[in-house]
Structure formats: structure tokens, C-alpha cells
2 protein chains.
Amino acid sequence: MIKLTAQRQAILDMINQSNQHWDAEILARALSDAGHSIGIATIYRGLTALEQAGLIQAMHLGDKKRYERSDKAHHDHLVCGSCGSIEEFFDEQIEQRQRHVASQYHFQMNGHQLLIFGICQQCLKLSVKGEQS
Amino acid sequence: MIKLTAQRQAILDMINQSNQHWDAEILARALSDAGHSIGIATIYRGLTALEQAGLIQAMHLGDKKRYERSDKAHHDHLVCGSCGSIEEFFDEQIEQRQRHVASQYHFQMNGHQLLIFGICQQCLKLSVKGEQS
DNA sequence: GTTATTATTGATAATAGTTATCGTTCTTGG
DNA sequence: CCAAGAACGATAACTATTATCAATAATAAC
């Protein structure tokens, strides 16, 4: 159904080649740096099309939408408020409990998003070092 | 520290009087309907100030920020994709597991957001009725 | 209790992220 | 080859939010 044009292929490749959680702006810059000149509207449309086709997956983080590869198993995210890095995790017990809660509320769950905010290990180390000096 | 002006008091009252998850636009309309004429910038600034003071709490849902009372215990949300309603729930096991995951990753958690997406009981009932007719 | 200082307000301009418009280009089937 | 539809790029428009700035209100200093 979806037409995989050269532009969309470039977007898809870029996303598939890394574990990043891309937003449209960063992706545009990366594509430009890689030699692809793709209009920003085409990038937004491409992302939407690729998401609908299930070729990539999307999440809302704060005020912008992020896209990542869809060829990995479901997972949730640890978001560092200091460096902005995003770490992934999966916990079957949490998944189970969510299904349980949904059924309790007679709620037909078709997705979820769990973000854990805080400070990542890296940044914790740095802040300790910084305080010592 | 925060100055509770008449405008901010009106915003706070409006939020405290209901269990809604307000966005700035809806809140502005409600305040206007209630006879308060408060500039939209003042509403945004007031919301930020009240949030920083801990008098209300905020969450990101999709592309807009929502505010709700802070005088209730922590909870997460079931978001209906059909009618937009937001139901609240709390599950200690999920909370515990999150703390566990964070410590596993040496991640200093200082908050989280869990959104369960799907269709609420009300909308499920309606869709069944609709299909029968 | 006037004056100086500081914070807040409202109108509006500006910004960020995203979507819509529109004329042009690229496919693809007949 | 050519018509129909999809996608493209440039850019205008839109939504949510923040910044600017002059006017006003509250607070503190004398």
C-alpha cells in the first residue's frame, strides 16, 4: 500500500541503522549531512507513512514526536533529564500488571507508554566528579 | 515565594474544583465562562508558577500539556482514544517494579509517566450498540 | 505616606513543531 | 505514449507555547 520512494527509503535506512530516538529536526539534519536533500514536509509525511505501515514506531516525549526502529521487541524508556539520553528496558511484570489494570477498568488496551524520568548513570558519575574537584 | 494573585487564585480554584485534566485552551474558556477575563499569557505563566510551587501537577499528553490538582495521591492514566476521557489508576506493583528497574540500571528515578491507551468502557458499549442498530 | 523597586498583567509578536496547500514531478497501468 | 494518482518541495498556515514590553499593582524604603 505504501510507496517506498527514494526519500522514504533514506529515512527508513537512517532510522534502522541506529538505536536513536529521532525527532524530525535531528533526522533532517542527519539526512542532509548524509547527502540527501529532502524537504522537511516530505520528512514529516514520510515519517507518518512509515509509522502507519508499521516500518517504524513513534512515541511522544515532551513536546515532540520521536521515531525509532520497529524491528525490536516492545520496550519502555528511561529518560535522562540531564543529558537527554534514552535507555530502553523491558519488564514483563509491568506489562502483565498493565493488562491486569486495564481489564479491571474494562478498558480495551491497545498500547501504552511508560517513561521513567531521572538521571542516568553517566550523569550521576559526572556530577560526583564535578562536586569533588 | 510564589505570589498568589487574583488571576492565579482563579486558575487554582478552577483546577481544584474538578478532576479534569486541563489544557491551557480549555481552561481559558472555562475561566472566561466563569466571568474571569484573564489574558492567555497570564494563564500560561500562572500554570507554570503554580506547578513550580507544587500547587498543581502537570503531564504531557500527546502534543499538549495537561494540568490537574496536586492534592491527590500519585496515579497513572488510562487514556481513551475515542472520547478523550482520562481515567486514573494506581498500582503499587507497577510502582515497585519501576523502582526496581531504575535501580537495576543505576538510574536515579525522580518521576515517571505511564499512559495506557485504548478504548474506555463507555465507548466500548456505545460501539457495540452502534454496530447492532 | 510618598517614592523607589519589583513582580505581574495583558496585548501581541515571536518561536517551535507540525500540517495543509499547491503547482510540479514521478510512477504506473492502459 | 498518455492519463490518473501519489509523492515531492517550497512555503503558508496552524497550534501550542514563550518572549517582549509598556502599563499597572503590590512591596519595601525612607
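First the proteins, then the strands, lettered A, B, ... as listed; each starts at 1. Because the structure is predicted, anything quoted here is derived from the model rather than measured.
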inquiry  = Reading DNA chain D from 5' to 3', where do the contacts with chain B start and stop? Cut-off is 4.0 Å to heavy atoms.
reply    =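 Endpoints of the contacted stretch of DNA chain D: D:dA16 to D:dT20.
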query = By a strict heavy-atom criterion of less than 4.0 Å, which residues belonging to residues 41-51 of chain B are in contact with DNA chain D?
reply =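 Residues of residues 41-51 of chain B under 4.0 Å from DNA chain D: B:Ala41, B:Tyr44, B:Arg45.
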message = Checking B:Glu92 against A:Arg97 for the salt bridge (charged side-chain N to carboxylate O under 4.0 Å, His left out) test, could you report, in this order, the C-alpha distance in whole Å, the side-chain angles of both residues, the deciding distance, and whether it holds?
response = CA-CA 10 Å; B:Glu92 181 53 35; A:Arg97 257 340 256 186; over 6 Å; no
ask   = Between atom CG of B:Leu27 and atom CD1 of B:Ile40, what is the distance when rounded to the nearest 0.5 Å?
value =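 That separation rounds to 8.0 Å.
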query = In Å, rounded to the nearest 0.5 Å, how long is the span from OG1 of A:Thr42 to CZ of A:Arg8?
reply =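 Between A:Thr42 OG1 and A:Arg8 CZ, I get 8.5 Å after rounding to 0.5 Å.
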inquiry  = Please confirm whether the ring centroid of B:His74 lies under 6.0 Å from the ring centroid of B:His112.
reply    =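 They qualify: ring centres under 6.0 Å apart.
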Residues that, via side-chain heavy atoms closer than 4.5 angstrom, fall in one hydrophobic cluster with A:Met109 =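 Besides A:Met109, the cluster holds A:Leu78, A:Phe89, A:Ile94, A:Val101, A:Tyr105, A:Phe107, A:Leu114, A:Ile116, B:Leu78, B:Phe89, B:Ile94, B:Val101, B:Tyr105, B:Phe107, B:Met109, B:Leu114, B:Ile116.
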request  = Could you pull out all residues at least two apart from B:Arg66 that satisfy salt bridge (Lys or Arg N to Asp or Glu O under 4.0 Å)?
outcome  =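 Result, salt bridge (Lys or Arg N to Asp or Glu O under 4.0 Å) vs B:Arg66: none returned.
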task = Can you run down the salt bridge (charged side-chain N to carboxylate O under 4.0 Å, His left out) pairs that involve residues 53-64 of chain B, sequence neighbours left out, and say none if there aren't any?
result =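 For residues 53-64 of chain B: B:Asp23-B:Lys64.
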query = Quick check: are there more than 12 heavy atoms from other residues, nucleotides or ligands sitting under 6.0 Å from CD of A:Gln122?
reply =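 At most 12 heavy atoms, drawn from other residues, nucleotides or ligands, come within 6.0 Å of this atom.
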key: Under 4.0 Å protein heavy-atom contacts per nucleotide of nucleotides 25-30 of chain C, with B for base, S for backbone only and - for none   = ------
inquiry  = Looking at B:Thr5, I'd like to know whether one of its side-chain N or O atoms comes within less than 4.0 Å of OP1 or OP2 on C:dT9.
reply    =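 Yes, such a contact exists.
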inquiry  = What is the distance, to the nearest angstrom, from the NE2 atom on B:His60 to the C1' atom on C:dA16?
reply    =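 These atoms are roughly 13 Å apart.
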request  = Step by step, work out the side chain to side chain contact (heavy atoms under 4.5 Å, CB included) result for A:Phe117 and B:Asn110.
outcome  = CA-CA 6 Å; A:Phe117 303 108; B:Asn110 51 41; 4.1 Å; yes
